[in-house]
**Q** 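Got a structure for you, written out below as structure tokens; questions coming shortly.
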Amino acid sequence: PGNAASTLEWVEKHPLQGTNLVYSTHLYRNSGGGAGGGFAHRTRSGRVRCWEREDLVKALQLSGVERVVKDLGKPLLVGELGPDLRQEGVERQRELDWFRNMLSLLNAWEVHTLAWVWDPEDHLPHGLLPKGSFFSGPNEGGRILLDSLR
């Protein structure tokens, strides 16, 4: 992680007291880590934002997600996540693979998620509904999310 905001170190440093509380974070392939590196990146042959499952496991370990969930037993909610659908070609496929792999890992670790569903162009480029009517159905990212719930 490029900075403290890219980790969950704060969970252990500032434990919450009480009941009915949950810790939360956001996960996007293209955020965190500083300098455009993304949540998880490697620097072989230049800086590359990761999307493969093995790299994402390592990123979740380095960022503290695994420790918070498995070692500390804290309830964690990923309050936002989704693929950057502005990307085209290979990078768009990597975004979709990142989303699929990340959802698979979070589901396996029993981390609850809230996906970003607003129109991709209205605010963040990570929306899971296409531009236009809410009733037109999900885009590629939305279909991946629905598949992960099955």
Side-chain angles (χ1 to χ4, degrees), residues 1-16 20-44 46-131 138-150:
N3 57 57
S6 300
T7 74
L8 292 182
E9 289 178 10
W10 57 271
V11 172
E12 195 165 7
K13 288 180 181 177
H14 307 286
L16 298 174
N20 203 27
L21 298 170
V22 65
Y23 293 89
S24 185
T25 190
H26 297 176
L27 294 176
Y28 293 104
R29 181 173 175 249
N30 64 341
S31 65
F39 164 70
H41 66 273
R42 51 187 157 77
T43 53
R44 288 180 304 214
R47 188 168 260 199
V48 176
R49 290 192 307 255
C50 298
W51 69 93
E52 295 169 326
R53 187 177 177 90
E54 298 79 26
D55 288 332
L56 298 182
V57 168
K58 187 67 171 175
L60 291 171
Q61 292 167 341
L62 291 171
S63 66
V65 171
E66 182 180 54
R67 177 162 170 66
V68 165
V69 173
K70 293 183 176 182
D71 298 339
L72 302 178
K74 301 291 184 184
L76 181 64
L77 170 71
V78 176
E80 289 182 17
L81 86 157
D84 180 354
L85 297 176
R86 290 178 302 187
Q87 303 299 316
E88 296 178 357
V90 171
E91 276 303 305
R92 183 180 182 96
Q93 188 56 54
R94 288 176 178 171
E95 284 289 327
L96 295 170
D97 290 343
W98 172 88
F99 191 47
R100 186 179 297 106
N101 288 329
M102 185 60 75
L103 286 170
S104 173
L105 287 167
L106 295 173
N107 286 340
W109 292 0
E110 298 181 352
V111 175
H112 298 283
T113 59
L114 297 173
W116 187 264
V117 297
W118 300 110
D119 268 338
E121 292 126 38
D122 284 349
H123 179 60
L124 290 175
H126 305 90
L128 302 180
L129 293 174
K131 188 77 177 159
N139 59 25
E140 293 168 281
R143 288 191 294 275
I144 289 170
L145 175 67
L146 293 174
D147 287 344
S148 81
L149 297 172
R150 292 190 172 109

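All values below come from the heavy atoms of this structure, side chains included, with hydrogens, waters and symmetry mates left out.
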**Q** Got a second to check how far Leu8's CG is from Leu62's CG, nearest 0.5 Å?
**A** 12.0 Å
**Q** Looking at Arg143 and Glu140, does any basic side-chain N land under 4.0 Å from a carboxylate oxygen?
**A** no
**Q** Just jot down the side-chain hydrogen bond (donor to acceptor under 3.5 Å, both in side chains) partners of Asp97, sequence neighbours excluded, or say none.
**A** Gln93, Arg100
**Q** Taking C-beta and beyond as the side chain, do Val69 and Glu110 meet within less than 4.5 Å on heavy atoms?
**A** no
**Q** Measure the spacing between CZ of Arg49 and CD of Glu95 and express it to the nearest 0.5 Å.
**A** 6.0 Å
**Q** Quick one: closest heavy-atom pair of Cys50 and Leu56, and the distance?
**A** O-CD2, 4.1 Å
**Q** May I ask you to decide if Trp10's main-chain N or O and Tyr23's side chain share a donor-acceptor pair within less than 3.5 Å?
**A** no
**Q** What I'd like to find out is whether the side chain of Gln87 reaches to under 4.5 Å of the side chain of Arg94, using heavy atoms alone.
**A** no
**Q** Return the OG to NE2 distance between Ser24 and His112, rounded to the nearest 0.5 Å.
**A** 12.0 Å
**Q** To the nearest 0.5 Å, how far apart are CG in Asp84 and CD in Glu91?
**A** 9.5 Å
**Q** Please name the pair of heavy atoms, one in Leu27 and one in Met102, separated by the smallest distance, quoted to 0.1 Å.
**A** CD1-SD, 3.9 Å
**Q** Taking the side chain as every heavy atom from C-beta outward, state whether Leu60 and Trp109 have any atom pair closer than 4.5 Å.
**A** yes
**Q** Can you tell me if Asn107 uses its side chain to pair, donor with acceptor, with the backbone of Leu103 under 3.5 Å?
**A** yes
**Q** Closest heavy-atom contact between Gly141 and Pro83?
**A** CA-CG, 4.0 Å
**Q** Is there a side-chain contact between Pro138 and Leu146, using heavy atoms and a 4.5 Å cut-off?
**A** yes
**Q** OG of Ser148 to CG of Leu105: how many Å apart, nearest 0.5 Å?
**A** 11.5 Å
**Q** Is the shortest side-chain heavy-atom distance between Leu72 and Glu12 below 4.5 Å?
**A** yes
**Q** Return the minimal non-hydrogen interatomic distance between Pro75 and Leu21, and the atom names on each side.
**A** CG-O, 3.4 Å
**Q** Taking all non-hydrogen atoms of both residues into account, name the closest pair between Val111 and Leu76 and its distance.
**A** CG1-O, 3.6 Å
**Q** Does Thr113 use its side chain to pair, donor to acceptor, with the backbone of Val78 at less than 3.5 Å?
**A** no
**Q** Nearest 0.5 angstrom please: Trp51 CH2 to Leu96 CG, how far?
**A** 13.0 Å
**Q** Determine the minimum heavy-atom distance between Trp98 and Arg29, stating which atoms define it.
**A** CZ2-N, 3.5 Å
